[in-house]
Amino acid sequence: MSPFLFWVFALLTLIFGATVVVNRNPVASALSLVVSFLGLAALFMSLDAFFVGIIQVLVYAGAVMVLFLFIIMLLNLQAEARRQINWLAAAGGTGVAVVLLVQICFVIRHIRAAQQTFPPLANPTTDDVRNIGAALFSNYNLPFQIVGVLVLVATIGVVLLSRREPR
Amino acid sequence: MPNESSAPLFNIQIDGVWHQVPKGTRVIEACARIGVFVPRYCYHKKLSSPGNCRMCLIEMGFPRLGPDRKPERGSDGKPIINWIPRPQISCAQDVSEGMAVRTNSPLVKECQRGVMEFLLINHPLDCPICDQAGECRLQEFSVDFGNSKSRFLENKVKKPKNVVLGPRVTLDDERCILCSRCIRFCQEIAHDDVLGFVDRGSYTVLTAHSGKRLENNYSLNTVDICPVGALTSTDFRFKMRVWFLKETKSICTSCATGCNTIIGTREDVIYRQTPRENDHVNSCWMCDYGRLNFKFLEAENRLLEPQIRSDGKLIAADWPAAISEASLQLKQFTGNEIAIVASGRMTNEELWLTSQLAKSLGVQWIDIVPRREPGDDILLSEDRNPNTNGARLILGSTSEPGAKLMAIAEAVKSGEIKALVMLKENAMHLGMPVEQLAQLPVFIVMNILAYEATQKATVVLPACGFAEKRGSMINGKGRLQRLNRAARPPGNARDDWEILRDLLQAVGGGDSLSSSDDVFRRISETVPHFAGLSVSKIGDLGVHILRMKELPPTHPRDEKAIAQAVAIQARRRAVGRKVHEARKALGVRRD
Amino acid sequence: MITLSDYLFVSGILFSIGFAGVMLRRNLIIILMSLELMLNAANLSLVAFSRFRVDPNGLPNYSAQVFVFFIITVAAAEIAVGLAILVALYRARQTTDVKDISSLKF
Amino acid sequence: MDSFFIITSLLKIIGILFVVILPMVSYAVYAERRVSAFIQDRLGPNRVGPAGLFQPIADMFKLLLKEDFTPRAANTFYYWLAPCLAVMPAIITIAVVPFGSTLFGVPMVIADVNVGILFVFAIASLGVYGIVIGGWASNSKYPFLGGIRSSAQMLSYELSLGLAVVPVFMVVGNLQLTSVVRYQIAHGWFIAAFVGDWINPWKWLLAVPMIISFFVFMIAIFAETNRLPFDLPEAEQELAGGYNTEFSSMKFALYFLGEYAAMITGSAVVVTLFFGGWHFPGIPDGSHGWIFGLINIAVFFTKVTVVIFFFMWIRWTLPRFRYDQLMRLGWLFFFEIALVNIFLVAAILPFIRP
Amino acid sequence: MAITVPRPKLNWRERLYMPAIVAGLAITFKHFKNMLLGRTKVTMQYPEQKWDSSLPDHYRGAPALVRDEDGRVRCVACQLCEFICPPRAIKIVSGEIPSKDRFAKVEKYPEAFDIDMIRCIFCGMCEEVCPEQAIFLRKDYAITGFTRADMVHHKEKLLEIGGVMHGVVLKWNEKK
């Protein structure tokens with residue numbers, strides 16, 4: 001992937017990610033997050049991870065965010081009123097985030113391995129669906145089963161939570 | 001009318017039931033009192049009874065008297081009635097003790113059918129074009145008492161149609177049923193004996209005596225009392241069918257009498273004004289002058305938009321702008337530099353708001369324009385302002401209304417007064433040339449019509465006429481009566497009291513007045529004569545609140561000043577009439 | 001050329017944005033979204049590591065992508081539960097503001 | 001990436017989009033009206049041009065020239081964005097569907113990605129945004145309700161949609177849509193056991209879950225494209241037109257376009273998955289000459305047309321479901337059927353695989 | 001009292017709904033097929049085919065004013081139609097016939113007679129109420145216009161539609 005496309009999608013991801021946090025209207029935030037995820041999916045594909053990229057779109061953009069929108073609309077959440085900003089708290093929160101960022105950048109800069117460019121692959125079009133599936137069902141079979149149980153538990157939990165109080 | 005309270009009561013049997021009615025009551029009235037309606041054409045309760053229409057035939061009888069001069073009683077213990085074999089007319093007969101009346105016996109019904117058939121023999125049956133249709137007694141009784149079919153095969157008698165009896169009344173002789181109500185009205189009420197019947201039998205026609213015309217000031221009352229469509233108002237003729245008219249109870253504002261009226265409107269257009277019965281004021285009548293005095297509401301020079309003077313020209317503005325402009329202009333001056341000329345044609349509510357306006361501006365110069373013209377002994381009053389008494393009570397001035405007008409005019413001339421507010425009056429009544437009015441720095445005009453002087457105004461506020469607003473007035477005899485809104489004002493014109501309220505609020509004052517009823521409530525709280533009254537308590541017939549004998553001693557009649565103002569008015573009117581005639585002769589259109 | 005560090009930078013910034021969101025915003029639903037941002041930042045790092053660590057067969061290291069798969073699954077379950085809790089909270093308190101639901105006892 | 005690839009891809013995109021899909025959409029509207037009319041013993045539009053064939057053009061001009069009205073209370077940006085979002089996914093999805101064999105050696109598929117069907121689902125799942133945002137941005141009650149309904153409906157039926165096609169890919173062993181077609185050419189159509197190697201008894205056995213799979217998939221497609229009997233987001237009688245109530249002129253047209261484009265794409269996917277794509281027994285593929293390449297394309301779109309007719313036929317036969325019925329059907333019925341169906345295929349699969 | 005219609009108990013085959021759906025599809029397809037083969041009788045193709053010739057006498061089309069044998073406008077502006085008109089489509093301004101006129105005896109005529117055909121509901125009340133037999137509902141039904149003003153039928157248009165009505169109405173006969 002050309003650096004130009006990389007930066008386009010990276011910026012798309014970051015800018016809309018920032019919009020999620022900045023926007024006061026929940027619907028606008030949710031839609032920004034969708035665009036951010038689409039950019040992220042493109043970044044995944046630039047890393048030859050087609051399956052993960054598509055799953056990203058399918059699960060996040062197609063399902064999770066629709067669920068978010070549904071909830072926002074169901075609860076009819078309005079844009080927050082512009083409140084008196086607690087400058088101390090805001091500065092503190094931003095400060096911590098910035099410190100974290102600086103720290104991450106510092107660490108990345110000092111990893112030598114991070115300076116490498118794309119190592120060549122044996123075959124430009126890998127069948128990563130098959131490969132991930134193979135990995136999932138061989139090496140990671142137990143975690144896979146556990147995740148399955150987790151999802152089942154989550155489903156039961158959601159059903160219980162969203163049930164109305166019995167009279 | 002007999003004096004009811006003192007007259008002895010007679011027992012009278014009507015349709016088998018005994019009732020008590022005062023002595024001297026006519027049988028037809030006695031029936032009406034107990035709710036039995038006897039049809040009638042010629043009988044009118046304010047006129048004499050000739051008994052010539054024969055519609056009010058009834059059966060009448062008296063108790064059979066025994067040898068002891070006592071009524072004989074039948075087996076059921078009730079007096080035995082000796083019925084008169086022929087039917088009698090009920091309108092010319094007074095009640096007597098023990099009298100019995102049948103109003104719906106077979107004989108009576110037969111008689112009514114017969115009379116109806118006779119009346120309709122020569123009637124043209126042109127109801128589709130007749131203006132009386134819808135309020136025609138012939139139609140109503142034909143349905144209630146007549147036959148559904150005519151047996152008459154011969155040709156009908158042709159009589160003159162479209163006979164001009166006078167300037168305001170047109171006669172259709174074919175429709176006339178010869179009831180003679182109009183003749184009696186002219187003799188008895190109007191004291192102008194001009195109508196009569198000529199020829200005989202089927203050829204009898206109503207006509208004016210030769211060389212005379214029906215042109216007295218009460219001629220249109222004959223149209224009201226005509227039970228059929230024979231006498232028609234030339235003004236209303238063929239204009240609108242009566243069933244479309246929305247009837248609004250109101251009063252006439254053309255003179256201080258304040259005759260009670262019904263205004264007939266359709267879709268905000270006034271078509272006619274008819275008198276409404278009120279025995280305290282106008283009986284059943286009103287004068288032609290007042291009746292037809294509503295045309296000015298649709299005059300060409302009606303003010304429709306608020307206007308503000310800007311660069312020497314009047315420019316249409318919206319209401320908030322006009323009101324704030326007027327208040328800003330007024331606030332430039334102190335109280336003794338402002339004069340307010342109100343009008344005796346304004347309602348009490350408007351006058352009260354005017355007085356509040358004067359109070360909050362500190363104005364001393366405030367008066368109304370007096371109007372005096374010859375009156376008559378019947379209804380028309382000398383004082384042509386309908387609410388002089390209201391102005392006297394509410395404006396609270398120390399002189400007779402109209403007396404200060406000439407002083408105001410002088411003050412304007414001398415430049416002592418810088419701001420002039422003309423409310424519902426033509427500034428020319430001050431008796432000075434237009435140029436002089438144009439010199440005024442502030443000249444605010446609130447009126448219905450545009451006059452020459454209106455062109456010189458700095459702010460023009462279009463207002464409502466008498467039929468377009470609610471309010472109350474006190475007539476010349478001290479009776480408080482109500483005006484009701486019959487039509488909406490045209491264009492952007494607005495209710496007077498609203499304009500005054502907004503103006504009052506703009507100069508600071510007059511809070512929490514959201515309806516004219518609120519204003520009346522304030523009046524009742526502040527003016528002693530109005531204490532305890534409210535708009536609903538006035539009622540349709542009004543209340544007497546002022547005894548004219550006891551005028552407040554603080555009001556010496558300032559006859560000379562008023563006469564001077566009235567003279568100027570008359571002179572103005574004469575000049576105006578001459579100019580108008582000259583223009584008409586030259587074929588020049590108005591303005 | 002694009003290097004691994006570029007991806008890691010993007011991932012780091014995205015994580016920081018999500019972190020700032022969690023810190024700064026008080027609307028529960030936005031906080032959940034910010035959490036998603038952080039998880040996805042981690043995903044990006046993992047996928048980048050997977051691509052930049054090619055095994056001898058010339059294939060990317062799929063273990064990392066399997067992790068991503070797990071993360072996405074768990075995240076989806078987490079969101080479902082989180083939103084269900086949010087709806088239940090909203091029903092009880094008519095608010096999604098964390099400030100308004102800070103009391104220990106309802 | 002050579003220029004030949006780029007040029008052929010562009011040609012394919014332009015060709016499929018402007019020569020096939022867009023005319024097909026407009027004539028699908030016309031066909032819908034004619035079919036509905038015929039079913040109801042009417043004639044339908046027959047005024048503009050011969051047999052009313054120019055009706056779509058007239059409709060287009062009418063919609064273009066209508067006043068484009070934006071309600072004052074609407075959220076303008078999203079109000080404008082929503083109709084575009086409604087069309088986009090439907091058109092993008094066609095990229096991975098093979099609509100022909102080869103023409104002059106160029107494969108007749110715009111992008112033959114190895115996650116083909118997942119791509120279709122992923123992009124199709126974005127289609128709900130156009131409806132939800134449109135309903136929300138209109139700032140009006142009925143569109144809003146339509147949007148809410150749509151989001152829940154789409155989420156619910158995506159599950160059955162995804163699970164219904166799992167058997168197909170279990171059999172094929174690949175997510176690529178071209179390989180699905182290739183498998184069907186080699187082993188016969190999934191839906192019709194008598195096409196291809198009908199002698200194999202296991203294939204007849206396999207046809208049973210395949211038909212179940214087809215039905216569930218078809219019904220889920222109905223729900224995903226908001227077609228009757230699942231058109232609850234735009235139910236005229238209840239919601240006064242639903243999410244597109246406040247839209248006019250070209251914005252409304254875009255919604256219309258989106259709905260029909262989604263229907264066409266859905267039909268194309270159905271044809272690819274179950275009806276052997278561009279294959280017809282006895283007709284060789286494009287490597288035998290360009291004329292056969294064209295015939296293959298024609299065969300594909302003929303099949304698509306038949307499926308579209310089926311869509312319309314269903315629409316004018318069945319009444320609309322109630323919303324609770326719709327949800328119950330999706331979650332308690334089709335979801336389970338699809339799940340059981342997977343086990344069924346898994347049980348049969350070892351006998352088929354050589 | 002509301003009637004509760006009992007729900008039929010369905011057996012398992014009916015509960016599958018498939019046979020019913022297939023039967024429904026068969027029905028609709030039969031209609032489709034019959035239409036395609038031209039076996040269905042369709043409705044009248046309006047602009048090409050019209051039933052103008054077979055309109056019944058009592059057909060209620062556009063209201064119109066008629067003249068009598070002498071060419072007089074029969075209407076005398078009694079405004080009963082204006083009064084009775086349920087949608088208030090009729091507007092009449094009455095005028096007086098000058099005394100020199102041939103029909104001076106009639107006295108009154110409609111100066112303006114407007115029927116707003118946007119409002120008219122073709123109920124025929126005006127025809128029924130007319131005491132002069134001056135207004136009739138004719139067989140015109142395709143009334144079009146480009147503006148609202150076009151759709152108001154003025155007196156001339158109404159008379160043009162109405163034409164002359166022969167009949168014995170002796171009311172305005174000078175002799176009778």
Side-chain angles (χ1 to χ4, degrees), chain A residues 3 6 10 13-14 17-18 20-21 26 29-30 33 36-37 40 43-44 47-49 52 55-56 59 63-64 67-68 71-72 75 77 80 90 93-94 96-97 100-101 104-105 108 113-119 121-123 126 128 131-132 135-136 140 143 147 150-151 154 157-158 161-162, chain C residues 1-10 12-21 23-25 27 29-30 32-34 36-37 40 43-44 47-48 50-54 57-60 62-63 65-66 68-70 72-81 83-88 90 96:
Chain A
F6 168 76
T13 310
L14 292 179
V20 174
V21 176
S29 280
L33 196 55
S36 182
F37 283 163
L40 208 57
L43 288 184
F44 287 161
L47 292 165
D48 294 314
V52 174
I55 285 291
Q56 172 85 5
V59 174
V64 170
L67 201 60
F68 263 105
I71 295 297
I72 291 170
L75 303 185
L77 300 179
E80 283 171 52
T94 322
V96 172
L100 181 73
L101 179 64
I104 291 171
C105 293
I108 293 168
Q115 306 304 325
Q116 60 169 318
T117 54
F118 278 84
L121 292 178
N123 188 354
T126 55
D128 57 347
N131 292 330
I132 290 175
L136 208 54
Y140 299 98
V147 166
L150 178 76
V151 171
V158 168
L161 272 172
S162 50
Chain C
M1 279 309 272
I2 305 299
T3 60
L4 176 59
S5 65
D6 292 328
Y7 280 97
L8 292 182
F9 273 128
V10 171
I13 296 169
L14 199 61
F15 189 87
S16 303
I17 289 171
F19 186 70
M23 297 294 283
L24 292 176
R25 295 301 296 263
N27 193 338
I29 210 148
I30 307 279
L32 276 178
M33 289 188 208
S34 302
E36 290 306 299
L37 269 184
N40 276 287
N43 283 354
L44 183 59
V47 174
S50 125
R51 175 64 183 80
F52 283 87
R53 190 189 165 92
V54 178
N57 298 338
L59 286 172
Y62 280 109
S63 297
Q65 293 196 19
V66 170
V68 172
F69 181 80
F70 283 151
I72 289 177
T73 319
V74 172
E78 170 228 320
I79 287 304
V81 177
L83 286 178
I85 292 174
L86 192 135
V87 170
Y90 190 86
T96 55

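Quick note on labels: first sequence line is chain A, next is B, and so on, each numbered from 1.
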Point to revise | Interface residue of largest heavy-atom contact number with chain C, from Val147(A), Val52(A), Leu14(A), under 4.5 Å | key: Leu14(A)
Study note, to complete from the structure: Cut-off 4.5 Å, heavy atoms of chain C, and the answer for Ala63(A) is neither
**Study point:** Residue, of Leu161(A), Ile132(A), Leu47(A), that accumulates the most heavy atom pairs under 4.5 Å with chain C
**Key:** Leu47(A)
Practice item. Please examine the side chains of Ile55(A) and Phe44(A), heavy atoms only from C-beta on, and report whether any two atoms are closer than 4.5 Å. Key: no
Revision key, fill the gap. So, the part of Val68(C) with a heavy atom under 4.5 Å from chain A: the answer is side chain
Review point. Does Leu101(A) reach the side chain of Phe19(C), with side-chain heavy atoms less than 4.5 Å apart?
Key: no
Exercise for review: Measure the spacing between CD1 of Ile30(C) and CZ of Phe68(A) and express it to the nearest 0.5 Å.
Suggested key: 9.0 Å
**Study point:** Residue, of Asn43(C), Leu83(C), Val87(C), Ile85(C), that accumulates the most heavy atom pairs under 4.5 Å with chain A
**Key:** Leu83(C)
Practice item. Measure Ala48(C) against the heavy atoms of chain A and call it side chain, backbone, both or neither at under 4.5 Å. Key: both
**Study point:** Among the listed options Ser36(A), Gly157(A), Ala154(A), the residue most often paired with chain C at heavy-atom distances under 4.5 Å
**Key:** Ala154(A)
**Study point:** Taking every non-hydrogen atom, the tightest pair across Ala30(A) and Ile72(A)
**Key:** CB-CD1, 4.1 Å
Point to revise | Polar side-chain atom of Tyr90(C) near backbone of Leu75(A) as donor-acceptor pair, under 3.5 Å | key: yes
Point to revise | Partner chain A: residue of Val10(C), Leu86(C), Asn40(C), Leu37(C) with the largest heavy-atom pair count (under 4.5 Å) | key: Asn40(C)
Review point. Top residue by heavy-atom pair count (under 4.5 Å) with chain A, among Glu78(C), Met23(C), Gln65(C)?
Key: Gln65(C)
Exercise for review: Against chain A, work out which of Ser63(C), Gly18(C), Ser50(C), Ala75(C) has the most heavy-atom pairs shorter than 4.5 Å and name it.
Suggested key: Ser63(C)
Review point. Is it the backbone or the side chain of Phe52(C) that comes under 4.5 Å from a heavy atom of chain A, or both, or neither?
Key: both
Revision key, fill the gap. If one checks every heavy atom of Ile79(C) against chain A at 4.5 Å, the contacting part turns out to be side chain
Exercise for review: Give the member of Leu136(A), Thr94(A), Val151(A) that has the highest number of heavy-atom pairs under 4.5 Å with chain C.
Suggested key: Leu136(A)
Study note, to complete from the structure: Residue from Leu40(A), Val64(A), Leu67(A), Val20(A) scoring the most non-hydrogen pairs under 4.5 Å with chain C is Leu40(A)
Review point. Side chain, backbone, both or neither: which part of Phe69(C) has an atom under 4.5 Å from a heavy atom of chain A?
Key: side chain
Review point. Under a 4.5 Å cut-off applied to non-hydrogen side-chain atoms, are Arg51(C) and Tyr7(C) in contact?
Key: no
**Study point:** Most chain A-contacting option - heavy-atom pairs closer than 4.5 Å, from Ala77(C), Ala76(C), Ser34(C), Ser16(C)
**Key:** Ser16(C)
Exercise for review: Work out which heavy atom in Ala84(C) is nearest to a heavy atom in Val158(A); give both atom names and the distance.
Suggested key: CB-CG1, 4.1 Å
Review point. At what distance, to the nearest 0.5 angstrom, does CD of Gln56(A) lie from CG of Leu43(A)?
Key: 10.0 Å
